[in-house]
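In what follows, a structure is listed as structure tokens, so that the remarks can point back to it.
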Amino acid sequence: MAIIPQLSLFSWQDLEELGDLERLVLVLETVPDETLMAHLEAARGHGRNAYPVRAMWNSVLAGVVFQHPSIESLRRELARNAQLRMLCGFRNAAVPPASAYTRFLHRLMAEQDTVDGMF
């Protein structure tokens, strides 16, 4: 019996060799979140936009990718890492306060069906 070797289309080793920020970029480019962003931005309306919806969402995804156990841990990382802040979309270099994350997560939970549909 002949064995025909098959080339791998995707190698987990390639993913493991990426740096943390490169892995986050892959996630941010891949997650189909446009519907969620439209719903959250519509819910915000013409309210204050000190911390844009997209930047907040990107930072929550960063917390998942980097396995932060809490929002406070994520906030400390954002305060420490300017590249991460810029990648998430916080252009003014300010880290959102815990209260901003609390409000954002409440709005996010209201969109649970949309989030479930993405994943």
Side-chain angles (χ1 to χ4, degrees):
M1 178 162 133
I3 297 176
I4 302 171
Q6 181 175 346
L7 296 175
S8 174
L9 295 176
F10 177 77
S11 170
W12 285 106
Q13 185 177 1
D14 294 341
L15 186 60
E16 290 171 355
E17 292 173 0
L18 292 176
D20 287 343
L21 292 176
E22 292 169 321
R23 283 187 301 144
L24 178 60
V25 168
L26 280 176
V27 170
L28 296 179
E29 290 175 348
T30 306
V31 173
D33 55 6
E34 290 307 315
T35 302
L36 176 65
M37 292 299 99
H39 289 186
L40 292 174
E41 288 170 354
R44 173 174 270 178
H46 296 292
R48 191 168 166 226
N49 199 24
Y51 308 106
V53 169
R54 171 68 67 177
M56 294 293 288
W57 171 245
N58 288 347
S59 68
V60 168
L61 289 177
V64 172
V65 169
F66 300 147
Q67 300 176 353
H68 285 284
S70 67
I71 291 297
E72 285 306 312
S73 172
L74 171 62
R75 290 182 63 247
R76 282 191 298 274
E77 178 69 17
L78 285 167
R80 184 189 69 75
N81 190 335
Q83 284 182 312
L84 179 58
R85 281 194 312 273
M86 291 298 290
L87 185 59
C88 288
F90 297 115
R91 302 288 181 229
N92 61 1
V95 176
S99 60
Y101 277 102
T102 299
R103 288 188 301 273
F104 181 75
L105 291 174
H106 281 295
R107 284 194 302 269
L108 195 58
M109 284 188 269
E111 298 292 336
Q112 186 67 46
D113 292 338
T114 306
V115 173
D116 290 343
M118 287 185 333
F119 297 104

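Reckoned from all heavy atoms, side chains included, excluding hydrogens, waters and symmetry mates. If you're wondering where the values come from, they're calculated on a predicted model, not measured in any experiment.
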- request: Fit a plane to each ring of W57 and F104, take the angle between them on a 0 to 90° scale, and name the class: parallel (under 30°), tilted (30 to 60°) or perpendicular (over 60°).
  value: tilted
Nearest 0.5 Å please: distance from the [atom1] atom of [X] over to the [atom2] atom of [Y].
X	Y	atom1	atom2	answer
Y101	L78	OH	CG	4.5 Å
E111	D113	CD	CG	8.5 Å
R103	L105	CZ	CG	11.0 Å
R107	L36	CZ	CG	11.0 Å
E29	L24	CD	CG	9.5 Å
R54	D33	CZ	CG	4.5 Å

Heavy-atom pair of closest approach, residues [X] and [Y]:
X	Y	result
A100	Y51	CB-CD1, 4.2 Å
S59	C88	CA-SG, 3.6 Å
V53	R44	N-NH1, 3.5 Å
A62	H68	O-CD2, 4.4 Å
V65	R23	O-NH1, 4.4 Å

field: Test item: R91 side-chain N/O and M86 main-chain N/O as donor-acceptor pair under 3.5 Å
entry: yes
- prompt: Under 3.5 Å, side chain of R75 to main-chain N/O of P96, donor-acceptor pair present?
  reply: yes
message: Within the 4.5 Å heavy-atom criterion, are F66 and L21 side-chain neighbours or not?
response: yes
query: Would you find more than 12 non-hydrogen atoms of other residues, nucleotides or ligands less than 6.0 Å from Q112 atom CD?
result: yes
task: Carefully, step by step, assess E77 and R80 under the rule salt bridge (Lys or Arg N to Asp or Glu O under 4.0 Å).
output: CA-CA 5 Å; E77 178 69 17; R80 184 189 69 75; 2.7 Å; yes
query: So if you build clusters from Ile, Leu, Val, Met, Phe, Trp, Tyr with side-chain heavy-atom gaps below 4.5 Å, do V31 and V64 land together?
result: no
